[in-house]
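Since the structure comes first, as structure tokens, the remarks are kept for the end.
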Amino acid sequence: AFEAPNDRVATLPVASATVHGPARIPAGAQLALRLDMGRLRQSAVANEVRALIAAVPDWQELLGGSGIDPLNDLERVLIATPNRLRSRILVAGRHVHDESFTRAAVDRMADARGTQATWATQDGVQVAPWANEGNTPRVLAMLSPQHFTISRSEDLAVALAMTEARAARGGEA
């Protein structure tokens with residue numbers, strides 16, 4: 001289970017569940033979409049989901065160049081934003097690979113943009129610049145070998161608070 005890196009992160013507000021079960025979204029979120037990619041991958045509509053994802057410009061802006069195939073590589077994903085601005089989109093997820101997959105995706109993103117990925121520690125977790133196609137600087141935070149977030153650096157604490165709230169209730173982080 002994920003442990004909060006520090007008390008400051010654990011005290012950030014997280015909205016009450018809007019559905020039964022352990023789901024939580026950032027306080028004030030106007031849009032939150034949680035997808036069980038593992039179930040979608042095995043469903044009869046997998047090909048249609050793959051086509052839909054490929055048609056959404058935000059997926060390309062956020063993941064283009066990473067080598068991540070959302071349907072094949074991700075198990076679960078949460079996309080949330082406190083407003084309708086693309087700059088504030090926060091993604092939290094779990095992939096089906098090991099830690100080297102996350103590091104390789106960060107390196108591919110950097111290579112695709114002609115930059116270099118440098119890992120550092122922020123709020124107690126490993127982060128690296130996420131060189132997405134958009135104008136918004138983002139970081140990828142590695143929460144565990146399979147769990148990650150992609151957000152603006154200043155929004156990382158919110159993502160960590162969401163993860164801590166879910167883990168505190170016994171839900172999978």
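All figures in this text were calculated on a predicted structure; none of them were measured in a lab.
With rounding to the nearest 0.5 Å, the separation of OG in Ser153 from CD in Gln122 is 3.5 Å. We find the CD1-OG distance between Ile89 and Ser151 to be 12.0 Å, quoted to the nearest 0.5 Å. Here the CG-CZ distance, from Asp36 to Arg94, works out to 8.0 Å after rounding to the nearest 0.5 Å. Between the CG atom of Asp107 and the CD atom of Gln116 there is a distance of 8.5 Å, given to the nearest 0.5 Å. Between the CG atom in Leu140 and the CE atom in Met142 there is a gap of 7.0 Å [rounded to 0.5 Å].
Proximity of Leu35 to Arg76: side-chain heavy atoms (C-beta onward) are nowhere separated by under 4.5 Å. For the pair Leu78 and Leu33, the minimum side-chain heavy-atom distance is 4.5 Å or more. Residues Arg108 and Ser66 are not in side-chain contact: their nearest non-hydrogen atoms beyond the backbone lie 4.5 Å or more apart. Looking at Arg152 and Thr136, their side chains come closer than 4.5 Å, going by heavy atoms from C-beta outward. With a 4.5 Å cut-off on side-chain heavy atoms, Val106 and Phe101 do not count as touching. Between Arg50 and Asp69, the closest side-chain pair of non-hydrogen atoms falls below 4.5 Å. Side-chain contact between Leu90 and Ile79 is absent, with no heavy atoms from C-beta onward closer than 4.5 Å. Counting only heavy atoms from C-beta outward, the side chains of His97 and Gln146 never approach each other to under 4.5 Å.
Here the closest heavy-atom approach between residue Glu75 and residue Arg41 is recorded as OE1-NH2, 2.8 Å. Of all the heavy atoms in Glu61 and Asn132, the pair that sits closest is O-CB, 3.2 Å. Scanning both residues, Leu74 and Val96, for their nearest heavy atoms gives C-CG1, 4.4 Å. Here the closest heavy-atom approach between residue Ala112 and residue Gly65 is recorded as CB-CA, 4.2 Å. Ala141 approaches Leu156 most closely through the heavy-atom pair CB-CD1, 3.5 Å. Across Ala117 and Ala110, no two heavy atoms sit closer than the pair N-CB, 3.7 Å.
At distances below 3.5 Å, not a single donor-acceptor pair connects side-chain atoms of Thr121 with backbone N or O atoms of Gly124.
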| Stepwise side-chain contact (heavy atoms from CB on, under 4.5 Å) check, Val125 with Leu160 | CA-CA 9 Å; Val125 296; Leu160 294 174; 4.1 Å; yes
| Does the pair Phe148 and Val127 meet the rule for a side-chain contact (heavy atoms from CB on, under 4.5 Å), with working shown? | CA-CA 9 Å; Phe148 66 94; Val127 300; over 6 Å; no
| Does the pair Met37 and Val77 meet the rule for a side-chain contact (heavy atoms from CB on, under 4.5 Å), with working shown? | CA-CA 7 Å; Met37 302 302 266; Val77 65; 4.1 Å; yes
| task | Show your working on side-chain contact (heavy atoms from CB on, under 4.5 Å) between Trp130 and Leu63 and close with a plain yes or no. | result | CA-CA 9 Å; Trp130 185 250; Leu63 298 179; 4.0 Å; yes
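The pair Arg138-Asp155 does not meet the salt-bridge criterion, since no charged nitrogen lies less than 4.0 angstrom from a carboxylate oxygen.
The hydrophobic cluster containing Trp119 does not contain Val139, counting ILVMFWY residues as joined when their side-chain heavy atoms lie under 4.5 angstrom apart, directly or transitively.
The number of heavy-atom neighbours closer than 6.0 Å to CG of Asp98, taken from other residues, nucleotides and ligands shown, is above 12. More than 12 non-hydrogen atoms from other residues, nucleotides or ligands lie less than 6.0 angstrom from CD of Glu48. The environment of Arg113 atom CZ is dense: over 12 non-hydrogen atoms of other residues, nucleotides or ligands sit within 6.0 angstrom.
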